[in-house]
Amino acid sequence: MTLIVYALVVRQTFRRFLTYRAAILGAVLANTVFGAVKAFIVTAVWRQRSVIGGYDLPDILTYTFVAQALIGPMSLLTNNLDIPARVRSGDIGTDLFRPVDFQGYWLSVDLGRAAFALLGRSLVPFAVGALLFRLRVPADPRVWAAFAVALTLGVLVSFSVRYLAAMSAFWLLDEKGVTGFVNMMTTFLGGLTVPLILFPGWLGEVARALPWASVVLVPVNVFLGKLSGAALAGAYAFEAAWAVALLALGRLVTARARQRVVVQGG
Amino acid sequence: MLIEAENLSKTYTLRKKTGRLKRERTTVEAVRDLNLSVAEGELLGYIGPNGAGKSTSIKMFTGILSPSGGSLRVAGLEPIRERKQLARQIGVVFGQRTTLWWDLPLRDSFALLHRMYAIPDERYAENLKRYVDLLGLDDLLDTPVRQLSLGQRMRGDLTAALLHDPSILYLDEPTIGLDVTSKAVVREFLAELNRERGTTIVLTTHDLDDIERLCRRVVVIDHGTVAYDGRLAALRARIATDRTLIVDLARPAAPVEVPNATVTRVDGPRQWLAFPADANAAELIAAVASRYEVLDVSIRETDIEDVIRELYSS
Ligand SMILES: Nc1ncnc2c1ncn2[C@@H]1O[C@H](COP(=O)(O)OP(=O)(O)O)[C@@H](O)[C@H]1O
Ligand SMILES: [Mg+2]
């Protein structure tokens with residue numbers, strides 16, 4: 001059963017990250033502190049008007065801390081895939097002679113990483129936020145379940161975008177321009193800097209139709225209980241459609257890369 | 001035939017920045033018109049100078065790199081197109097890099113391979129025990145790969161490459177940087193693997209001892225193509241003709257004429273005489289000295305790189 005392989009890769013990646021526990025302390029601290037800073041700012045803004053873009057103060061505070069908590073799992077600031085480094089060192093050769101699907105392998109690695117980040121990097125910033133500010137934490141377990149689904153689909157979208165950026169390393173000697181640009185897009189269009197609900201007019205409409213709306217906005221809206229029934233199904237469909245389209249594009253790119261792959265080193 | 005390469009070629013295209021916007025394309029013919037057949041059960045020495053195209057051709061044999069020309073079949077498969085089926089039949093060890101997961105203990109790397117290659121549980125347990133015993137990995141199974149020494153890592157890599165009983169094992173400089181003891185362990189292991197399991201082995205190395213101890217057939221690659229393909233003994237016979245006696249005569253002279261030696265170079269009063277390795281050097285010196293006035297002599301032994309260079313220049 002081949003799925004076992006990918007599940008095992010997920011688990012082993014999770015364990016690999018366990019060995020670097022100490023390294024995440026800084027990230028946890030930064031995400032928490034910046035969360036608090038952003039919370040003060042949005043509190044000041046929302047004091048002017050009680051509802052902006054359909055969000056009241058508890059909504060936007062919840063958005064703020066969920067977004068901070070998702071920096072790790074959704075990899076909102078960095079590419080986080082080892083593909084470019086392995087292309088440069090030539091280690092990618094090893095990934096190419098394994099009897100597993102290349103993209104599937106890296107997806108599994110990323111799911112393991114995201115799962116680890118969710119436990120290691122998300123809980124503390126959110127818990128601290130919930131202690132210090134008035135957040136809207138769902139009581140209904142069904143909302144939590146729906147949130148888990150939206151989150152999983154969001155991770156798939158996040159991966160598929162970062163995968164495309166990382167694969168550029170097969171063509172470019174230095175892929176940092178591409179990955180850096182995509183990271184900026186993710187940070188901005190993911191709504192980490194400025195929540196997508198604040199984007200005005202057509203800018204907001206475009207931003208909310210792009211794949212990055214899946215990584216923070218949709219999961220937060222589910223978390224806040226704003227989506228149910230047909231609206232929830234529509235949100236899932238939105239995320240799933242982007243995931244499928246981008247993963248398919250990733251497969252095409254993978255096939256092309258295999259034709260022209262140059263593996264460095266002896 | 002397990003490996004069949006016909007006119008196999010690989011051209012790398014490099015783009016170099018030559019100005020602010022200008023880029024120049026250059027191409028490197030790393031492998032050209034390589035013809036090679038390897039039969040089941042062979043232990044092939046695959047040698048040649050640096051940059052000859054050994055690694056590039058191995059990458060094509062393993063399905064990592066797509067050829068630019070020619071045809072290639074490995075175990076009846078087309079490496080790039082049937083990469084996943086081929087993967088189950090081959091094992092690969094690179095001396096300069098590990099195929100293991102850097103931050104996982106050996107045991108976990110092996111467990112991953114168990115699933116990746118869908119190795120039946122019983123077979124896996126049997127093979128793991130066998131290789132762990134043979135290679136003395138017992139105490140290292142819980143150590144992360146990044147904490148292993150080069151020799152230990154190499155033994156781990158060998159095990160990883162063999163857990164799924166591949167019919168072909170490629171080794172690209174497996175003994176590079178290893179100490180004498182580790183080298184001996186690896187060599188003995190490979191010899192036994194080939195003898196007992198019939199695993200076909202393609203071995204690339206810079207260490208002539210590796211070749212001498214392990215391989216009957218040697219393929220010498222140079223400039224991306226086969227420069228010699230045959231028995232090691234025959235190659236050695238060529239090496240044997242290649243000791244050189246350098247004589248400094250009192251004055252310039254026509255090439256000296258003595259039995260069992262031929263002049264390969266003259267530079268003023270200095271002459272180079274090639275003579276068989278098993279000939280008696282003292283007799284040769286005496287023969288030259290009896291006919292000419294000799295000021296000085298020295299003998300130069302030939303190393304493999306010289307031989308290889310000679311092979312393709314002739
Ligand atoms: N990734 C690459 N890009 C461009 N040229 C390469 C690359 N890899 C190898 N080469 C060139 O191809 C030739 C053969 O290299 P290689 O197969 O590594 O030789 P060997 O393993 O025999 O030392 C060399 O000239 C080398 O510089
Ligand atoms: Mg090499």
Side-chain angles (χ1 to χ4, degrees), chain A residues 1-23 82 85-106 108-109 112-113 116 170-174 177 254-266, chain B residues 10 12-17 30 50-51 54-56 58-66 68 79-81 83-92 94-105 108-109 111-118 144 146 157 160-161 164 170 172-173 176 204 206:
Chain A
M1 187 52 204
T2 54
L3 270 183
I4 292 178
V5 183
Y6 300 100
L8 195 62
V9 173
V10 174
R11 206 187 81 193
Q12 300 288 47
T13 309
F14 186 89
R15 291 175 61 178
R16 271 168 54 197
F17 277 93
L18 278 181
T19 61
Y20 298 111
R21 269 177 303 237
D82 274 343
R86 289 179 73 82
V87 168
R88 264 193 305 278
S89 69
D91 285 338
I92 203 78
T94 303
D95 307 330
L96 292 170
F97 70 68
R98 298 289 185 213
V100 289
D101 183 74
F102 185 83
Q103 190 191 29
Y105 172 77
W106 283 102
S108 310
V109 168
R113 183 203 58 75
F116 174 77
F170 279 100
W171 284 268
L172 305 172
L173 275 182
D174 188 357
T254 308
R256 291 301 295 268
R258 291 199 45 69
Q259 285 305 314
R260 56 155 301 141
V261 56
V262 163
V263 180
Q264 311 284 338
Chain B
K10 177 72 195 180
Y12 292 109
T13 309
L14 299 173
R15 274 179 230 97
K16 253 208 295 227
K17 261 195 177 162
N50 266 326
K54 306 180 296 291
S55 296
T56 300
I58 288 181
K59 282 171 194 163
M60 290 192 279
F61 299 161
T62 52
I64 297 176
L65 210 59
S66 64
S68 339
I80 285 281
R81 210 164 51 76
R83 171 180 87 86
K84 276 192 242 169
Q85 286 108 292
L86 180 67
R88 292 182 200 283
Q89 304 219 32
I90 61 172
V92 189
F94 295 111
Q96 292 164 16
R97 63 182 82 250
T98 184
T99 61
L100 301 166
W101 287 265
W102 201 240
D103 22 30
L104 287 182
D108 291 9
S109 275
L112 255 176
L113 295 171
H114 177 190
R115 296 302 171 199
M116 276 192 174
Y117 288 86
R146 69 186 133 83
D157 263 304
H164 57 291
Y170 299 96
D172 196 347
E173 313 219 12
I176 199 162
T204 287
H206 263 283

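Keep in mind it's a predicted model, so treat the numbers as computed, not measured. The sequence lines fix the lettering, A, B, ..., with proteins before strands; numbering per chain opens at 1.
Ranked by non-hydrogen atom pairs under 4.5 Å with chain A, the options B:Gln85, B:His114, B:Glu173, B:Arg146 are led by B:Arg146. For chain A, the option among B:Leu104, B:Asp103, B:Thr62 with the highest count of heavy-atom pairs below 4.5 Å is B:Asp103.
Checking each of B:Leu100, B:Thr99, B:Thr98 against A:Thr94 for a side-chain contact (heavy atoms from CB on, under 4.5 Å) leaves exactly one that passes, namely B:Thr99.
Contacts between B:Arg81 and chain A at a heavy-atom distance below 4.5 Å are absent for every atom of the residue. Neither the backbone nor the side chain of A:Phe17 comes within contact range of chain B, judged by heavy atoms closer than 4.5 Å. With a 4.5 angstrom heavy-atom cutoff, B:Leu113 touches chain A only via side-chain atoms.
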For this session: Run the numbers on A:Arg256 and A:Phe170 for side chain to side chain contact (heavy atoms under 4.5 Å, CB included), then give the verdict.
Result: CA-CA 9 Å; A:Arg256 291 301 295 268; A:Phe170 279 100; over 6 Å; no
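A:Thr13 places no side-chain N or O within 3.5 Å of a backbone atom of A:Arg113 that could act as its donor or acceptor partner.
By the salt bridge (Lys or Arg N to Asp or Glu O under 4.0 Å) test, A:Arg86 is found to be paired with A:Asp95, residues two or more places apart in sequence or in another chain being considered. Among residues two or more places apart in sequence or in another chain, the salt bridge (Lys or Arg N to Asp or Glu O under 4.0 Å) test is passed with A:Arg15 by B:Asp108.
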